[in-house]
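Just so you know, ligand 1 is whichever comes first in the structure, and atom 1 is the first atom listed for that ligand. Just so you know, residue 1 is the first one in the sequence shown, and it goes up from there.
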Amino acid sequence: MTERASKQPHDPATGSGAESGSGTDGGRAPVIAIDGPSGTGKGTIAAGLARDLGWHVLDSGALYRCIGLAAERAGLDLDNADAVGDLARRVEIRFDSDRVLLDGDDVSSEIRTAAGGVRASRVAVHPPVRSALLKLQRAAVRPPGLIADGRDMGSNVFPDAVLKIYLEATPEERAKRRYKQLKEKGLDANLADLDKELRERDALDRGREHSPLVVADGAVIIDSTDLSIEQVLARALSEAGRALGAARADAGQE
Ligand code: DC
């Protein structure tokens, strides 16, 4: 859905240029799903894989962050499933290079704050919000392939993904990484607050009734606590090579 690996603008709201399906057969575009809790480096690994494979990227968390922000801007109660669900069906979210546009407004920085993560997690518990975003996410699949990162990419949105990766790391390490990330972007950050927010968000994302964060069936688990980004990326690339090779071999036998 993001255009990091793409030359042509793509509108996820209309699904223009999108293909459905996530296998490698029948000319459909393959999907690699990357899930895990906040701060495990999913976005960085997704971008690295996309760069290497020349594929597109879907940052599904940005969609939930946009809905949280839109709901707040509209003065809605974030716990009101119907009201936030209605809003999720109406807003237009577009990715343009590294910019995220919410109804045409560049919200790239605003959605990235710690408060933006908490808002996203709160609106993400609502089934009407999840079903509105499900369509946008599936519409993002297109050739040559899509790397989708989030919480339920492998378990719910793309169950046929050619490869499912579940990234994890200790909460302490994740809070440190998020702190560094925010500081590097010149944003305000406090390590103790981040640690608390991250644990609260983990509890919400894991404990919710609909599409909770789980290790998807068949997912490869990578614990990145003591690994560098380069090491995690190398592991993800080798898993991708293996999975794509196996899928091609399967397709050749059909
Ligand atoms: O990946 P992120 O930190 O930008 O995601 C923000 C929140 O959005 C996350 O805490 C839960 C929600 N989310 C979700 O429920 N399902 C996804 N596929 C992605 C994000």
Side-chain angles (χ1 to χ4, degrees), residues 1-2 12 22 31-47 57-72 78-79 81 84-85 88 93 95 98 100 102 107-141 146-159 161 164-169 171 174-175 177-179 181-182 185 187 189 194-216 219 224:
M1 177 162 309
T2 63
S22 50
V31 173
I32 293 179
I34 306 183
D35 291 301
S38 317
T40 43
K42 297 185 299 290
T44 310
I45 298 306
V57 175
L58 166 64
D59 172 4
S60 66
L63 298 176
Y64 289 93
R65 285 171 184 264
C66 279
I67 302 304
L69 178 60
E72 187 172 273
L78 298 191
D79 299 323
V84 184
I93 303 167
F95 293 93
D98 280 338
V100 183
L102 171 62
V107 294
S108 319
S109 304
E110 208 172 342
I111 59 167
R112 292 289 156 214
T113 59
V118 175
R119 274 193 309 251
S121 199
R122 278 178 67 192
V123 297
V125 303
H126 305 313
V129 171
R130 302 204 72 85
S131 71
L133 295 185
L134 188 67
K135 291 183 197 132
L136 291 186
Q137 293 168 87
R138 290 193 174 148
V141 179
L146 181 76
I147 315 287
D149 94 70
R151 303 292 184 290
D152 62 341
M153 298 296 98
S155 59
N156 186 49
V157 181
F158 303 113
K164 299 174 188 180
I165 293 177
Y166 186 90
L167 271 184
E168 59 186 15
R174 292 190 276 129
R177 289 180 191 167
R178 191 44 62 89
Y179 177 82
Q181 241 177 24
L182 291 171
K185 285 185 188 155
L187 297 169
L194 283 174
D195 189 275
K196 184 167 167 275
E197 276 157 13
L198 197 131
R199 286 171 198 267
E200 281 169 8
R201 206 133 68 85
D202 276 4
L204 259 181
D205 296 345
R206 290 196 168 108
R208 68 175 172 233
E209 192 181 341
H210 302 277
S211 303
L213 170 64
V214 290
V215 180
S224 73

Original post:
Does the His126 side chain pair with the main chain of Leu78, one donor and one acceptor, at a distance under 3.5 Å?
Top reply: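 Yes.
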
**OP:** Kindly write out the residues that satisfy side chain to side chain contact (heavy atoms under 4.5 Å, CB included) with Lys185, not counting sequence neighbours, or none if the list is empty.
**Re:** Arg112, Leu187

**OP:** For Ala33, check side chain to side chain contact (heavy atoms under 4.5 Å, CB included) against everything at least two apart and list the hits.
**Re:**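 Ala33: side chain to side chain contact (heavy atoms under 4.5 Å, CB included) contacts with Asp35, Met153, Ala161, Lys164.
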
Original post:
Applying a heavy-atom distance cut-off of 4.0 Å, which protein residues contact ligand 1?
Top reply: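 Residues near ligand 1: Ser60, Gly61, Tyr64, Arg65, Ala120, Ser121, Ala124, Arg130, Gly150, Arg151, Asp152, Met153, Arg201, Asp205, Arg208.
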
Subject >> Arg201: partners by salt bridge (charged side-chain N to carboxylate O under 4.0 Å, His left out), with sequence neighbours left out >> reply: none

Original post:
Between Ser224 and Arg177, is any side-chain donor less than 3.5 angstrom from a side-chain acceptor?
Top reply: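 The answer is yes; a qualifying pair exists.
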
Subject >> Approximate separation, where rounding is to 0.5 Å, of Leu58 CG and Leu136 CG >> reply: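 The CG atom of Leu136 is 9.0 Å from CG of Leu58, to the nearest 0.5 Å.
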
